[in-house]
Amino acid sequence: MNEQPQPVTQTPPETPAPMPQLQPTQPVSPVPRKSNKGLIALLVGIGLLGLLIGIGCIVYFTMFYISKGDYQRATAQTNTVIDHFNSASKAADEYNTIVENAAATDTQINGKKMAYESAYASYLTSVDTLSKERALKNSKVKAAYDKFATKNKAFTDSNATMVDTMTTIHKVAVSCSESTIGNMNTGDVSKLVAAYDAAFAPCLSAMRELSISKNTDAAKVGSTALSYFDEMRTQVVAMQAAYNAKDRAKFESAYNAYMLKANSFTSDTDMAAVKKHLDSLSPTDELNSLATTINAQL
């Protein structure tokens, strides 16, 4: 039996799922453009900071940095000061020698005076240059320089007043020379005191002038000499009295006392103190110490 074809059952197509409906979108707010003022200010600030740092470094180096060249220049200048000091000292010795020479002429004295003043002026100029050296920013170098400066002030202060006294010193050299005092008339011992006063009058006058000098060392020499002359005159009075009394023993005693006093002048403690003080004024030790201190920094 022929089977009849059966009708094909078709499966209905699947209905697609409903699409969700899109909601209307809200307008998107634009991203705000940031102002570059803050950035500019920052950049300017950084630049300014860099500038300030740079200036600070410059100031630091200007104030504190000391190069090897600075030390070398300071060493060279210190040596220049030493050279000028030695030249001035040599000129001063020659000036003193001619002033103390009773036979020296005004022309000779003035020549040595001008040579000394020139050498001394060069010394002062070299010291002024040294005071401006950059190496002095180093504390050790500055300390050594300050010691020199203190000693040098005492030296220059004394020197200034001594120069003003040189005319009086020459007057003393002339008035108290052997050629002047040696002419004392001792022919009549009965009039020894009058002869002594006449012979020593110019010397005493010059010593009185020296004793009021602004230079303390020169003034000390003058006042000490006057004291000696007074004591020596006392023995002259005693010698004359002993002679007139024909007392040989007293005469010899007074004479010996006179000579002892006269010969002790150069070894007098006051004179020794003057010499010691004058020697102590030289700043050579401090200059040499300064040179050593600077070289130690190289």
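Predicted model, so just to flag it, every value in this text is computed and none were measured.
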Give the C-alpha distance, both sets of side-chain angles, the deciding distance and a yes or no for side chain to side chain contact (heavy atoms under 4.5 Å, CB included) between Asp164 and Lys214. CA-CA 8 Å; Asp164 293 337; Lys214 291 182 179 179; 5.7 Å; no
Reported CD1-to-CG distance for the pair Ile82 and Asn288, which is rounded to 0.5 angstrom: 5.0 Å
Rounded to the nearest 0.5 Å, the CD atom of Gln235 sits from the CG atom of Leu260 at a distance of 9.5 Å
Do [X] and [Y] have side-chain atoms, one donor and one acceptor, less than 3.5 Å apart?
X      : Y      : result
Asn138 : Tyr145 : no
Tyr71  : Asn295 : no
Thr165 : Asn215 : no

Taking only distance into account, with no hydrogens and no angle test, what donor-acceptor pairs under 3.5 Å do side-chain atoms of residues 190-204 form with protein atoms, sequence neighbours excluded?
{"from": "Ser190", "atom 1": "OG", "to": "Asp188", "atom 2": "OD1", "distance (Å)": "2.4"}
{"from": "Ser190", "atom 1": "OG", "to": "Asp188", "atom 2": "OD2", "distance (Å)": "3.3"}
{"from": "Tyr196", "atom 1": "OH", "to": "Phe229", "atom 2": "O", "distance (Å)": "3.3"}
{"from": "Asp197", "atom 1": "OD1", "to": "Arg233", "atom 2": "NE", "distance (Å)": "2.8"}
{"from": "Asp197", "atom 1": "OD2", "to": "Arg233", "atom 2": "NH2", "distance (Å)": "2.8"}

List the atom of [X], the atom of [Y], and the distance in Å for their closest heavy-atom pair.
X      : Y      : value
Ala74  : Ala135 : CB-CB, 3.5 Å
Ala102 : Val174 : O-CG2, 3.6 Å
Ala254 : Ala238 : CB-CB, 3.7 Å
Ser211 : Ser223 : CB-N, 3.6 Å

With side chains defined as the heavy atoms from C-beta onward, is the minimum distance between [X] and [Y] less than 4.5 Å?
X      : Y      : value
Asn244 : Val189 : no
Met271 : Lys275 : no
Val163 : Tyr116 : yes

Is the number of heavy atoms from other residues, nucleotides or ligands within 6.0 Å of [atom1] ([X]) greater than 12?
X      : atom1 : value
Phe265 : CZ    : yes
Asp106 : CG    : no
Lys261 : NZ    : yes

Assess the residue pair Lys140 and Gln297 against the criterion (side chain to side chain contact (heavy atoms under 4.5 Å, CB included)); give the C-alpha distance rounded to whole Å, side-chain angles, the decisive distance to 0.1 Å, and a yes or no. CA-CA 9 Å; Lys140 293 180 179 179; Gln297 312 308 312; 4.3 Å; yes
Before giving the answer on side-chain hydrogen bond (donor to acceptor under 3.5 Å, both in side chains), spell out for Thr284 and Ser282 the whole-Å C-alpha distance, their side-chain angles and the decisive distance to 0.1 Å. CA-CA 6 Å; Thr284 51; Ser282 173; 3.2 Å; yes
In plain terms, say whether Asp70 and Arg73 are close enough for a salt bridge, that is, a side-chain N and a carboxylate O under 4.0 Å apart. yes
So, Lys151 and Glu286, do they make that salt bridge, N to O below 4.0 Å? yes
Checking the side chain of [X] only, and the main-chain atoms of [Y] only, is there a donor and an acceptor separated by less than 3.5 Å?
X      : Y      : result
Thr293 : Ser289 : yes
Ser264 : Ser267 : no
His170 : Val99  : yes
Ser131 : Asp128 : yes
Asn96  : Ala92  : yes
Ser158 : Phe155 : no
Thr224 : Val221 : no
Glu209 : Ser205 : no
Thr234 : Asp230 : yes
Gln77  : Ser126 : yes

Apply salt bridge (charged side-chain N to carboxylate O under 4.0 Å, His left out) to Glu94 and Lys112, showing your working. CA-CA 7 Å; Glu94 294 177 354; Lys112 294 300 183 181; 3.5 Å; yes
Using the side-chain hydrogen bond (donor to acceptor under 3.5 Å, both in side chains) rule, take Tyr123 and Asn152 through it: C-alpha gap first, then chi angles, then the decisive distance, then the call. CA-CA 11 Å; Tyr123 168 69; Asn152 191 58; 2.4 Å; yes
Where do Ser213 and Thr161 land on the side chain to side chain contact (heavy atoms under 4.5 Å, CB included) test, with the steps shown first? CA-CA 8 Å; Ser213 167; Thr161 53; 5.8 Å; no
Leu210/Met207 under side chain to side chain contact (heavy atoms under 4.5 Å, CB included): CA gap, chis, key distance, verdict: CA-CA 5 Å; Leu210 187 65; Met207 283 297 183; 4.2 Å; yes
